[in-house]
Amino acid sequence: MSDLITVQGVVLSAMPVGEYDKRIVLLTRERGKISAFAKGARRPNSPFLAAANPFVFGTFTLYEGRSSYNLNQVSITHHFVELAGKQPGIYYGYYFLELADYFGQEGTDEKDSMNLLYVTVKALLNPHIDDRLVRCIFELRMMAVQGLCPSLFNCVCCGRQVQEGEEVFFSQSANGILDKECLGKVRDARRVSPAALYAMRYMVTAELGRLYTFAVKADVLFELERHIHTYISTNTEKRFKSLEILEIMS
């Protein structure tokens with residue numbers, strides 16, 4: 001056996017391999033997104049039975065084989081098994097894992113994405129927070145983590161800082177807000193209300209521990225969904241399976 005390595009991570013996905021094994025995808029702090037085989041993980045007495053599943057956070061000890069990593073030992077810190085009983089919360093959770101998988105890369109420090117996933121899954125278990133708002137927050141904050149955050153404080157055309165109370169517009173093609181003077185420079189600008197803009201600014205700047213501590217009115221939530229979901233769709237090149245399920249359920 002080659003030298004063992006230890007990483008902190010979360011299981012993004014797990015796929016059956018053969019009769020008893022699983023292939024898992026991990027998002028790790030030390031090595032970014034990696035794949036590993038969990039041999040015997042589908043056996044009833046396997047030490048990996050609980051660990052080789054999505055939403056499991058923990059410390060994973062691996063050894064490197066010829067073509068992939070192999071799981072040697074796991075110490076679970078959180079596994080969020082109660083999420084499985086939440087409908088449609090579980091599918092929001094799978095979507096968040098899919099989005100993290102989409103952006104995850106090998107050899108990078110994924111601490112920020114991991115921490116965001118952790119607080120987001122906890123938020124899905126909070127009955128006082130609308131899952132739709134959780135999705136908006138996660139999507140926009142993930143874009144910020146990836147360096148793809150839209151401009152929310154300065155006009156994307158003239159660069160001027162937009163003051164409170166000004167009439168503001170959001171452009172998908174220009175990746176951010178515009179003031180009234182620059183409105184004619186883009187064709188897809190749509191007005192964004194002060195409440196929605198304030199919420200989006202909070203989503204990208206708040207400390208993680210306070211990220212899911214607010215609510216919005218129904219009309220503001222609808223507006224946030226219109227702006228943020230479109231922004232995600234415009235800036236990703238994948239059709240996420242869990243979103244298709246959520247659309248069927250809605």
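In what follows, every heavy atom counts, from backbone to side chain, and hydrogens, waters and symmetry copies are set aside. None of the values given here were measured: they were computed from a predicted structure.
- With no hydrogens or angles considered, a side-chain donor-acceptor pair links Ser35 and Arg23 at under 3.5 Å.
- Atoms CE and CD, from Met143 and Gln146 in turn, are 8.0 Å apart once rounded to the nearest 0.5 Å.
- Among the candidates Phe80, Tyr212, Phe96, the single residue satisfying the ring pair (Phe, Tyr, Trp, His ring centres under 6.0 Å) test with Tyr118 is Phe80.
- Classification of Arg42 and Asp21 as a salt-bridged pair fails, no side-chain N sitting under 4.0 Å from a carboxylate O.
- Atom-to-atom distance recorded for His227:NE2 and Leu197:CG is 9.0 Å, nearest 0.5 angstrom.
- Checked options Tyr102, Phe138, Phe240; the residue passing with Tyr95 is Phe240 (criterion: ring pair (Phe, Tyr, Trp, His ring centres under 6.0 Å)).
- Using a distance-only test at 3.5 Å, with no hydrogens or angles considered, a donor-acceptor pair links the side chain of Asn154 to the main chain of Gly159.
- At least one donor-acceptor pair closer than 3.5 Å links the side chain of Glu98 to the backbone N or O of Ser242.
- In this structure, the side chain of Asp188 engages the main chain of Gln172 through a donor-acceptor pair within 3.5 Å.
- Side chains of Arg31 and Glu106 form no contact here, defined as non-hydrogen atoms less than 4.5 Å apart.
- Between Thr213 and Ile129 there is no side-chain heavy-atom pair separated by less than 4.5 Å.
- Glu139 has a carboxylate O that lies under 4.0 Å from a charged side-chain N of Arg135, or vice versa, which qualifies the two as a salt bridge.
- Under the 3.5 Å distance criterion, the side-chain polar atoms of Ser46 are left unmatched by any main-chain donor or acceptor of Arg43.
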Does Leu83 form a side-chain contact (heavy atoms from CB on, under 4.5 Å) with Leu125? I'd like the steps, not just the answer. CA-CA 7 Å; Leu83 186 61; Leu125 296 173; 3.9 Å; yes
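- Side-chain polar atoms of Thr28 and Glu30 form no donor-acceptor pair below 3.5 angstrom.
- At a threshold of 4.5 Å between non-hydrogen side-chain atoms, the residues Leu178 and Val168 do not count as touching.
- For an aromatic pair to be called close, the ring centres must be under 6.0 Å apart, and Tyr63 with Tyr69 fails this.
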Where do Lys33 and Val25 land on the side-chain contact (heavy atoms from CB on, under 4.5 Å) test, with the steps shown first? CA-CA 7 Å; Lys33 187 176 74 171; Val25 177; 3.7 Å; yes
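- With contacts defined as side-chain heavy-atom distances shorter than 4.5 Å, the pair Glu223/Ser193 qualifies.
- Taking the side chain as every heavy atom from C-beta outward, Ile137 and Phe214 approach each other to under 4.5 Å.
- Classification of Glu247 and Lys241 as a salt-bridged pair fails, no side-chain N sitting under 4.0 Å from a carboxylate O.
- Proximity of Leu62 to Asn70: side-chain heavy atoms (C-beta onward) are nowhere separated by under 4.5 Å.
- Using a distance-only test at 3.5 Å, with no hydrogens or angles considered, no donor-acceptor pair links the side chain of Lys22 to the main chain of Met15.
- Cys158 is not listed as a side-chain neighbour of Glu181, based on a closest heavy-atom distance of 4.5 Å or more.
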